[in-house]
Amino acid sequence: MTRILAHTRIISAILVVFLLAGCASTEQRSPHPKDPWEGFNRSMYNVNRGLDKAIMKPLAQGYKAVTPDFLEEGISNALANLRFPVTIVNLLLQGKLEDTGIALGRFVLNSTFGIGGLVDVATREGIPNYSEDFGQTFAVWGWENSNYLMIPLLGPSTLRDGIGIVPELWTDGVSIIVNQTDHYWLLGLNFVERRAAFLSREGALDDADDEYAFIRDAYLQRRDFLIKDGETELPDYDDFLLDDEEFDDSEFYNDGIQRPL
Amino acid sequence: MKSLLSSLGLVLLLGFSIGLQPALAVDLKAEPQNLVQQVSDEIFTELDARRDYYEDDRDALEGLVRSKFIPMIDSIYASRLILGREGRKLEKPQIKDFADALSELLVRRYAEGILEFRSRDQLSVLPLVGNNTDKATRVRTKVVLTNGQEAPVDYVFRKTPVGWRVFDVVIEGISYVTTYRNQFGEEIRRDGFDSVLNRIRSGDVDTDFSKNES
């Protein structure tokens with residue numbers, strides 16, 4: 001426990017440095033309702049992204065390049081399994097008792113027959129998977145809207161989700177093991193693996209005019225999706241069209257302007 | 001024995017005729033769920049057969065996506081949603097240009113992501129739930145990625161004069177239309193439509209760099 005406290009002190013020292021860095025910001029765009037701290041967040045994003053490009057991304061690429069697919073899958077499974085207690089605890093906290101039972105079964109099955117989680121036996125057996133965390137639980141309890149917050153080193157979050165990371169120190173298997181055994185490489189592997197999982201999708205960042213806003217958008221949409229367990233409404237497409245008068249698009253189909261088949 | 005042989009012949013014949021179907025086999029009148037299944041099957045059959053080739057040749061992979069996936073997309077409608085208010089100031093040929101650029105963008109993104117899908121057996125089309133209409137029908141799918149993790153991918157269809165078409169793809173709750181709309185809307189207001197169109201078109205250059213990255 002004292003070890004965790006010592007870490008917290010180091011982290012808060014780092015935070016102060018980052019907060020100071022965050023004060024010098026200028027970017028002007030129309031404000032986002034969930035991002036009142038945009039100035040700070042933007043500068044923090046630049047710092048994070050700089051570190052990512054210099055350190056995390058190359059590490060993740062190297063990891064992906066040298067690790068055979070089957071091993072990568074095994075490691076990814078094992079880390080997900082270590083993290084799974086976070087999901088179980090939060091299913092319980094959200095009062096989803098039946099799901100808690102199923103999740104517990106998944107965890108036991110994968111930890112035993114799945115050789116410490118290396119093989120995801122449960123998914124092969126058709127047992128559903130879940131993804132819950134404390135941030136989602138706070139949302140279910142009523143803290144639905146929270147300001148966007150770019151956390152130093154950790155990346156996009158909200159105030160709510162950021163606070164939700166704290167209790168993970170006592171529930172995430174990776175963090176528990178590291179705290180008790182000093183196997184810091186596991187923490188490193190955990191970050192690299194998570195970063196590697198994102199490699200194939202970050203090309204979309206090239207499409208972004210404003211990378212920061214793009215990530216904010218994606219993060220908030222994805223969190224909403226996780227909080228509602230995938231039962232999110234579709235966007236209001238009619239509203240997107242802003243049609244005062246009817247737009248006649250028949251000619252796109254009739255004249256073959258619509259892509260030929 | 002005779003019936004065994006004839007059924008074997010029937011199977012062979014059937015297999016043969018399926019094999020002979022041209023690329024146009026995608027029946028765009030098919031119901032949305034079937035369409036997703038059919039297009040995915042076709043892409044994965046080809047991908048599984050020559051995975052190494054496609055992993056090394058991004059242009060070939062993009063070609064595959066362009067021929068199989070893009071016909072299912074209503075890029076005009078997607079563009080109008082993305083352009084929103086800005087789109088109403090544009091001429092139809094401009095919207096068409098934007099739609100073509102958007103299609104190419106989707107080709108690149110899809111090609112980039114699809115190698116992470118492990119194999120066709122790892123894609124499942126889920127039952128329709130919720131309120132589905134001619135204007136918006138959401139086909140939910142789940143794919144297992146090469147790292148073993150699952151990703152939900154939803155395709156949002158509408159009924160067009162030429163059949164059901166996809167106008168939005170929602171990956172893990174992140175809608176392409178919503179996200180691009182927020183990006184491009186702001187940019188068009190600032191830099192103008194032509195500038196944005198050119199930037200999207202020139203996106204080809206970027207992917208050449210990122211080719212070696214993943």
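Below, chain A is the first sequence line, B the second, and so on; all start at residue 1.
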Visitor: If you draw a 6.0 Å radius around CZ in Phe113(A), do more than 12 non-hydrogen atoms from other residues or ligands fall strictly inside?
Guide: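 Incorrect, the count does not exceed 12.
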Visitor: For Thr178(B) versus Pro235(A), what's the shortest heavy-atom pair and its separation?
Guide: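 For Thr178(B) and Pro235(A), the tightest heavy-atom pair comes out as OG1-CG, 3.3 Å.
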Visitor: Is it the backbone or the side chain of Leu81(B) that comes under 4.5 Å from a heavy atom of chain A, or both, or neither?
Guide: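 Contact with chain A is through both the backbone and side chain of Leu81(B).
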Visitor: Do Gln183(B) side-chain atoms and Asp210(A) backbone N/O form a donor-acceptor pair below 3.5 Å?
Guide: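 Flag set: sc Gln183(B) to bb Asp210(A) pair under 3.5 Å.
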Visitor: I'd like to know whether the aromatic ring centres of Tyr237(A) and Phe167(B) sit less than 6.0 Å apart in this structure.
Guide: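 Aromatic pair counts; centres sit under 6.0 Å.
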Visitor: Do Ser175(B) and Gln221(A) have side-chain atoms, one donor and one acceptor, less than 3.5 Å apart?
Guide: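 Per modelled atom types, Ser175(B) and Gln221(A) side chains form no pair under 3.5 Å.
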Visitor: With a 4.5 angstrom heavy-atom cut-off, could you sort out which part of Ile171(B) is near chain A: side chain, backbone, both or neither?
Guide: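 Ile171(B) touches chain A through side-chain heavy atoms alone.
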Visitor: So which part of Arg140(B) gets closer than 4.5 Å to some heavy atom of chain A, the side chain, the backbone, both or neither?
Guide: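 Just the side chain, heavy atoms under 4.5 Å.
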Visitor: Testing Ile82(B), Val177(B), Leu83(B) one by one against Phe240(A) for a side chain to side chain contact (heavy atoms under 4.5 Å, CB included), which residue passes?
Guide: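 Single pass found, and it is Val177(B).
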Visitor: Classify the angle between the aromatic ring planes of Tyr180(B) and Phe214(A) as parallel (below 30°), tilted (30 to 60°) or perpendicular (above 60°).
Guide: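 The arrangement is tilted - the two ring planes meet at 30° to 60°.
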Visitor: Once rounded to the nearest 0.5 Å, what's the spacing between atom CG of Leu234(A) and atom CG of Asp168(B)?
Guide: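 Result: 8.0 Å between the selected atoms.
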Visitor: Can you measure from CZ (Arg223(A)) to CD (Glu172(B)) and round to the nearest 0.5 angstrom?
Guide: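 Reported value, rounded in 0.5 Å steps: 12.0 Å.
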Visitor: Name the region of Ala208(A), side chain, backbone, both or neither, that has any atom closer than 4.5 Å to a heavy atom of chain B.
Guide: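 Contact with chain B is through both the backbone and side chain of Ala208(A).
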Visitor: Pick one of side chain, backbone, both or neither for Arg85(B), based on which atoms fall under 4.5 Å of a heavy atom in chain A.
Guide: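 Both parts, backbone and side chain.
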Visitor: Less than 4.0 Å between a side-chain N and a carboxylate O, is that true for Arg108(B) and Asp206(A)?
Guide: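 A salt bridge is absent here (no side-chain N lies under 4.0 Å from a carboxylate O).
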Visitor: Can you measure from CG (Asp217(A)) to OG1 (Thr179(B)) and round to the nearest 0.5 angstrom?
Guide: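 If I round to the nearest 0.5 Å, the distance is 5.0 Å.
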Visitor: With a 4.5 angstrom heavy-atom cut-off, which part of Thr123(A) approaches chain B: side chain, backbone, both or neither?
Guide: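 The answer is the side chain of Thr123(A).
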Visitor: Looking only at heavy atoms, what is the nearest atom pair of Arg199(B) and Asp209(A), with distance?
Guide: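 Of all heavy-atom pairs spanning Arg199(B) and Asp209(A), the closest is NH2-N, 3.5 Å.
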Visitor: Looking at chain A, which one of Pro93(B), Gly84(B), Gly173(B), Pro152(B) has the largest number of heavy-atom pairs inside 4.5 Å, strictly under?
Guide: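 Highest number of heavy-atom pairs under 4.5 Å: Gly173(B).
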